[in-house]
Each structure stands twice: as structure tokens, then as C-alpha cells.
Participant: 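Structure in C-alpha cells, see below.
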Protein chains: 2
Amino acid sequence: MARTPNPKLGARRRIQILRAAATCFTRKGFHQTTMVDICTAAGLSAGGLYRYFKTKDDIIVAFAEEERIENEPLIRVLQETNDPVAALTGITPHILVAFSDLDYGRLAVEALAEASRNSRVKQALARNEEELTQAIAHALARGQSAGQVRKTFAADQLATTVMMLYSGLASRGILDPAYTPRAYEQLVNELLDRLLRP
Amino acid sequence: MARTPNPKLGARRRIQILRAAATCFTRKGFHQTTMVDICTAAGLSAGGLYRYFKTKDDIIVAFAEEERIENEPLIRVLQETNDPVAALTGITPHILVAFSDLDYGRLAVEALAEASRNSRVKQALARNEEELTQAIAHALARGQSAGQVRKTFAADQLATTVMMLYSGLASRGILDPAYTPRAYEQLVNELLDRLLRP
DNA sequence: ACCTGAACACCGTTCAAGT
DNA sequence: ACCTGAACACCGTTCAAGT
């Protein structure tokens with residue numbers, strides 16, 4: 001009988017638990033989700049789960065860290081483009097659709113609320129945000145050199161403004177049920193254009 | 001000995017409890033604040049509080065409804081102005097300072113997260129948001145008639161975009177400790193100008 | 001090693017008893 | 001009428017006991 005831990009099983013269980021947690025969090029939010037809810041969804045007993053996550057908090061942190069992956073394709077597009085403003089306006093429909101998914105917006109806002117109290121969640125989200133902001137800033141800086149982007153503001157200021165606009169979009173659907181992303185696509189893109197072009 | 005309730009006392013107690021709750025919420029957030037925390041801060045016993053608020057939820061809802069008052073001065077400015085774009089850019093420093101107060105941003109995000117699960121909180125915030133959006137939209141519509149505001153987008157679409165920008169500003173400080181509102185004042189105002197002017 | 005379920009501590013809410 | 005504090009139910013976490 002093996003007495004050494006099985007890393008394969010551990011990894012599998014963590015994924016299984018995180019997937020279960022994501023379902024529960026989407027339905028009920030972080031704080032109304034019960035450990036037993038997650039256990040049931042994951043098919044484990046109450047105590048069993050604690051072998052893989054020390055606390056509920058750890059599950060939330062791990063969940064927040066997973067968001068990071070979703071940025072990769074956007075970052076790649078920004079790195080490879082030779083017209084950053086066009087790249088951003090091209091991304092807009094993608095952003096709008098993702099953000100208008102109510103589940104996504106809810107979890108994003110909930111994670112942000114959590115971040116303001118929980119430094120580990122904050123770190124995970126901040127790193128995420130920082131990565132994307134940097135990618136935008138670098139692309140815009142290249143655009144400034146090429147004369148495609150206005151030079152009256154620093155590239156990182158412009159990038160931060162773009163991010164603020166995006167995060168405003170993310171939470172829009174929560175309070176306004178009549179909000180439709182399509183209606184704002186053209187508007188947002190023209191705004192980006194006017195903000196960024198010389 | 002009086003057997004009829006004393007409405008004066010009731011009103012006083014509610015204010016006293018809400019004030020205590022606000023302090024606790026700012027420190028710990030809605031969910032990490034304990035009923036006993038609020039009771040202690042308000043100088044009441046555990047059971048005593050329940051004479052004035054039936055549940056913790058009711059306290060949160062009442063708290064969310066209070067935010068509404070803060071909009072009044074902004075709305076008045078928008079109603080009285082004869083240059084809505086100038087009015088909005090004039091408001092920006094005020095908005096930026098209020099939003100860059102971390103406590104304010106935290107509570108705003110927390111309330112929004114709460115709204116996505118709690119329909120009464122949602123209603124309170126939505127009404128608040130609606131009022132302000134309407135005020136901006138009306139002002140912009142007047143500006144469109146007067147030729148000060150572009151006519152290529154509907155006034156309410158423009159107003160919603162302005163609101164999204166503002167709400168992006170509100171949450172900015174949570175993840176980015178280096179964020180300073182002053183640095184964005186000029187940028188935001190130029191953005192508003194470019195967005196709204198013909 | 002991995003898992004279970006009973007047990008414990010904590011927090012929202014209630015209620016009998018006080019003034 | 002208004003208030004208190006003990007009591008109850010629920011949930012995060014632990015741990016002795018099973019395989």
C-alpha cells in the first residue's frame with residue numbers, strides 16, 4: 001500500500017473542486033456558497049475537500065488566479081499588431097460580448113469586491129490587470145512612435161483610461177437589464193478612436 | 001406607562017444603527033461584519049437591534065438606499081446648466097476625488113456585487129444610477145438642440161457611456177495603489193470633450 | 001494515502017424574561 | 001414599550017476512525 005502522496009490524484013481533485021466551486025460561485029456568489037455546496041458538487045465529503053484546499057479562502061484565491069489565462073489571446077494580438085488602435089477596436093466586440101455575459105460581470109465584480117478585503121485575491125487580480133494594461137501601453141507606445149497614436153498623453157495613461165472604460169463596460173449589465181453590448185460597439189470604438197488618434 | 005410605539009425613538013435608533021453599520025461596513029465589508037459588531041458600535045444588545053431591522057439584509061438595503069442622496073447636487077447642476085459638456089467636465093474633479101477615496105470605491109463595488117444577488121439592493125442602486133443617467137441624458141439632449149453636443153449618437157447612449165467611464169473610475173483605486181485622481185482629471189475631461197462635442 | 005461523518009466554534013436570529 | 005442575554009440553527013473547519 002502506497003504511503004507517498006499521489007500528485008496525479010491531487011491535481012485531478014483540485015481541478016474537480018475548482019470546477020465545482022466555479023459552478024456554485026456563479027449560482028450563489030462567494031459568500032452564499034457553502035462548503036457543503038462545493039463538496040456536493042465535487043462529489044466529496046465535507047472533510048475530504050480540506051485535504052486539497054486549506055480554507056474556503058484558498059478556493060476563492062485559486063479561482064481568481066484562473067481568470068488570468070483568458071487574457072493571453074488579447075495580449076498576443078496586441079503584441080503582434082502594427083496598428084494598436086485598430087487592434088483595440090477590433091477587440092471591442094470580443095470584450096463586449098464576454099462582459100455582457102451576466103455571469104462573467106457578476107463574478108468580475110464579486111472578485112473585485114473580494115479583492116478590496118483580501119490581499120491575496122487583490123494580488124491575483126492586480127497582476128492580471130497589470131499584464132493587460134502593460135500590453136496595451138506597449139502597443140500604444142509603439143503606435144506613438146509610428147505616429148498612429150496621439151502623443152499628448154503618456155502611453156500608460158492612455159492604457160489605464162482604456163482599462164477603466166472596459167471595466168465600466170463589465171459591470172454595466174448588472175444594474176441595467178436593458179443594456180445590450182451590440183448597441184455600444186460602435187460608440188465605444190469611436191470613443192477609443194477619438195481618445196487615441198492624434 | 002406608554003404602550004404605543006415611540007416613532008421619534010424608532011427613527012433615532014435607525015439612524016444610530018445605520019451609522020454604526022456604515023462604520024463597520026467600511027472597515028470589514030458587508031459579509032465580514034458581524035451583527036454583534038454593529039450592535040456594539042451602536043450600543044445595543046444583540047436582540048435589541050432586531051426591533052428596528054428585521055435582518056442583516058435589511059440593514060444592507062437601507063445602507064444602499066442612503067447613497068441616493070449624494071447625487072442630488074450633481075443632478076441640480078446638470079438641470080441648471082446651459083452647457084452640459086462644461087457642466088460634466090466641471091464635475092469631474094468632484095467625481096474623481098469622491099471615487100478615489102478608497103472607502104467609497106470599496107463600498108460602491110461591494111454594493112454592486114451585492115446587487116447582483118440581492119434584488120432589493122439592486123433596485124436601490126439601479127434607481128440611483130437611473131436618476132443620474134437620466135439627468136445627464138436630459139442635459140445632453142438639450143445640448144444637442146443647442147448644437148453644443150454631437151447628434152451622431154442618441155443622448156441616452158452618450159449618457160450611458162459617460163456613466164460607464166465614471167464607474168470605471170470608481171473601482172480603479174482598488175487594484176491600482178499607484179492611481180492618483182489628479183493625473184486623470186485632464187485626460188478624462190478631454191475624453192468627455194472628444195466624446196460629446198460635435 | 002485517502003476519505004468519511006460526527007463534533008466544535010462562530011454568527012444570524014429568536015424569544016422568554018426583565019424594567 | 002423597549003431592552004437583555006441565553007438558546008437555537010447553520011456553516012467553516014477539525015479530527016478520530018475507517019479502508
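Below, each value reflects all heavy atoms present in this structure, side chains not excepted, and no hydrogens, waters or symmetry copies. In what follows, chains carry the letters A, B, and so on, assigned in the order in which the sequence lines appear, proteins first and then strands, with residues in each chain numbered from 1. In this text, all values refer to a predicted model and were calculated from it rather than measured experimentally.
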Participant: Provide the Watson-Crick or G-U wobble partner of D:dC2, both distances under 3.5 Å; none if there is no partner.
Facilitator: C:dG18
Participant: Quickly work out the A:L49 CG to D:dT14 P distance and round it to whole Å.
Facilitator: 12 Å
Participant: Answer with base, sugar-phosphate or nothing: what part of the nucleic acid does B:Y52 contact at a heavy-atom distance below 4.0 Å?
Facilitator: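 Sugar-phosphate only.
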Participant: Report the relative orientation of the aromatic rings in A:H31 and B:H31; use parallel for angles under 30°, tilted for 30 to 60°, perpendicular for over 60°.
Facilitator: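 The arrangement is parallel - the two ring planes meet at less than 30°.
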Participant: Less than 4.0 angstrom from a charged side-chain N to a carboxylate O is my criterion; do A:K54 and A:D58 meet it?
Facilitator: no
Participant: Please compare A:G48 and A:Q32 by the position of their nearest nucleotide in DNA chain D and report the one closer to 5'.
Facilitator: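 This one resolves to A:Q32.
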Participant: Partner of C:dA7 by Watson-Crick or G-U wobble geometry, both contacts under 3.5 Å, or none?
Facilitator: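 D:dT13 - that is the nucleotide pairing with C:dA7, both distances being under 3.5 Å.
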Participant: In terms of side-chain heavy atoms, does B:R13 have a donor or acceptor partner in B:Q16 at a distance below 3.5 Å?
Facilitator: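 Distance-only check passes for B:R13 and B:Q16.
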Participant: Does A:E65 pair with A:R127 as a salt bridge, N-O distance under 4.0 Å?
Facilitator: no
Participant: Rounded to whole angstroms, how far apart are CG on A:N6 and P on C:dC3?
Facilitator: 10 Å
Participant: OP1 or OP2 of C:dT13 sitting under 4.0 Å from any side-chain N/O of B:Y50?
Facilitator: yes
Participant: Select from A:A46 and A:R51 the residue whose nearest nucleotide in DNA chain C is closer to the 5' end of that strand.
Facilitator: A:R51
Participant: On the nucleotide D:dC3, are OP1 or OP2 found under 4.0 Å from the side-chain N or O atoms that B:R13 carries?
Facilitator: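 Yes, such a contact exists.
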